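The next block holds one structure in the form of structure tokens; read it before the comments.
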Amino acid sequence: MLIKRASDIKSSEITPKRLYINRREFIRAAGAAAGAAAGVGILSKGAAVLHAVQPAAHGRKLANIKKGFSLTNGEATNTWEQITTYNNFYEFGVDKTDPADNARNFKTDGWMVTVDGECAKKGKYSLDDILKGETIEERVYRHRCVEAWSMVMPWDGIPLANFVKRCEPTAKANFVKFTTLLDTKQMPGQRGLGTGIEYPYVEGLRMDEAMHPLSLLVVGLYGEVLPNQDGAPIRLIVPWKYGFKGVKSIVKIEFTEKQPLNTWQRTAPNEYGFYANVNPSVNHPRWSQARERRIGEFLMRPTLMFNGYGDQVESLYKNLDLRKNF
Ligand SMILES: Nc1nc2c(c(=O)[nH]1)N[C@H]1C(S)=C(S)[C@@H](COP(=O)(O)O)O[C@H]1N2
Ligand SMILES: [Mo]
């Protein structure tokens with residue numbers, strides 16, 4: 001066979017490109033190479049641009065949400081439309097509108113989260129189990145992507161600390177590791193092609209970061225059930241870190257002794273670290289992190305240390321060199 005199938009292209013063939021193209025282009029380059037080989041890539045992409053992306057349909061309202069706190073200095077909250085049509089969720093495609101298109105029929109009924117590792121209460125938890133006895137809080141947080149765009153989102157969720165305590169971690173539990181669903185049937189971005197990303201998507205936090213009151217297990221947006229493109233039915237939000245720490249559609253929470261290897265660090269370790277604290281003075285090797293584009297605004301605004309949450313979190317890092325531990 002002369003034509004290479006997507007799955008025949010080894011990730012090693014595209015590896016050097018990581019050095020000079022950005023995250024999405026790096027993924028897309030693999031797709032274009034495969035598409036060109038198959039003679040369809042460019043045309044189908046061109047056609048895709050012509051359709052208008054639809055925001056998430058309005059879903060079920062969550063009951064009894066308590067106002068939490070807004071830590072945004074009065075900055076305007078982004079709209080439902082913006083938050084559900086401009087996404088990063090590579091399992092559903094690498095363009096910002098792909099998750100809105102491709103996660104539309106994602107099935108989350110009967111969702112279970114496995115708790116494992118260094119803890120007493122291992123097992124499978126349904127969403128109801130996780131939310132049992134909890135008050136869902138609305139937290140309006142800034143969200144800063146490592147790609148230098150940002151939004152303000154009104155999440156609904158519970159403090160991650162509450163759930164961690166219920167799992168009764170052992171003395172050896174130094175980190176919490178989170179894993180996204182692996183489902184090549186439902187997630188087209190996980191199929192075939194050697195994009196250089198190994199699925200499932202994995203993230204992690206140090207135990208004290210997981211216990212910090214700002215860390216949130218999110219199940220809703222704007223008081224409604226979390227839209228699929230934003231990581232339904234349950235995802236993490238850690239507002240002082242780059243957005244990629246906010247792992248979506250979580251199926252496993254593990255307590256580990258050693259620091260987990262998170263997906264972006266594994267994919268490009270010179271560019272993405274474990275900590276990923278928002279830091280305007282540590283640039284990405286290929287772009288500045290000093291400023292950001294707030295979705296809906298024209299001028300770029302300065303990026304704030306720890307995304308503006310320094311008063312709350314800087315004590316966690318007083319013994320850490322944030323240049324080395326980026
Ligand atoms: N499983 C998974 N989680 C993920 C991602 C992803 O591609 N897959 N993208 C991350 C990145 S880079 C960002 S900026 C946020 C985007 O969240 P949002 O689409 O709800 O704004 O999700 C993060 N969580
Ligand atoms: Mo991101």
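Counting convention: from 1, in listed order, for ligands and their atoms alike. Just so we're clear, the structure is a prediction, and the values are computed from it rather than from any experiment.
Among protein heavy atoms, atom 12 (S) of ligand 1 sits closest to R23 NH2, 3.2 Å. In this structure, the protein non-hydrogen atom closest to atom 24 (N) of ligand 1 is G246 O, 2.9 Å.
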- Item | From CA spacing to verdict: side chain to side chain contact (heavy atoms under 4.5 Å, CB included), F274, F175 | CA-CA 11 Å; F274 175 76; F175 297 90; 3.9 Å; yes
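Looking at H143 against ligand 1, only its side chain comes within 4.0 Å, counting heavy atoms. Looking at Y90 against ligand 1, both its backbone and its side chain come within 4.0 Å, counting heavy atoms. Under 4.0 Å from ligand 1, the heavy atoms of E91 that appear belong solely to its side chain. Under 4.0 angstrom from ligand 1, there are no non-hydrogen atoms of E203.
At a threshold of 4.0 Å, the pair R266-E198 counts as salt-bridged, since one of the basic side-chain nitrogens sits closer than that to a carboxylate oxygen. K248 and E91 are not joined by a salt bridge, as no carboxylate oxygen comes within less than 4.0 angstrom of a charged side-chain nitrogen. At a threshold of 4.0 Å, the pair K177-E203 does not count as salt-bridged, since none of the basic side-chain nitrogens sits closer than that to a carboxylate oxygen. Salt-bridge annotation for E297 and R301: present, with a side-chain N of the basic residue lying under 4.0 Å from a carboxylate O of the acidic one. Using a 4.0 Å cut-off between a side-chain N of Lys or Arg and a carboxylate O of Asp or Glu, R294 and E292 qualify as a salt bridge. For R286 and E271, the salt-bridge test passes: some basic side-chain N is under 4.0 Å from an acidic carboxylate O.
For atom 13 (C) of ligand 1, the nearest non-hydrogen atom from the set A100, P200, G243 belongs to G243.
At least one N or O atom of N88 sits closer than 3.5 Å to an N or O atom of ligand 1. In terms of polar-atom proximity, defined here as any N/O pair under 3.5 Å, M153 makes no such contact with ligand 1. At least one N or O atom of K248 sits closer than 3.5 Å to an N or O atom of ligand 1.
With a 6.0 Å cutoff to the six-membered ring centre and a 45° limit on the axis angle, R144 does not count as a cation-pi contact of W240.
Separation of the F326 and H284 ring centroids does not fall under the 6.0 Å cut-off. Here F306 and Y309 keep their ring centres 6.0 angstrom or further from each other.
Atoms of ligand 1 lying under 4.0 Å from any heavy atom of C145, numbered from 1 in the order shown and given with element: 14 (S). Numbered from 1 in the order shown, with element, the atoms of ligand 1 that lie under 4.0 Å from a heavy atom of N87 read 18 (P), 19 (O), 20 (O). Each of the following atoms of ligand 1 lies closer than 4.0 Å to a heavy atom of T180: 1 (N). Close approach to D230 involves these atoms of ligand 1, each under 4.0 Å from a residue heavy atom: 18 (P), 19 (O), 20 (O).
Taking a 4.0 Å cut-off on heavy atoms, M151 fails to register as neighbouring ligand 1.
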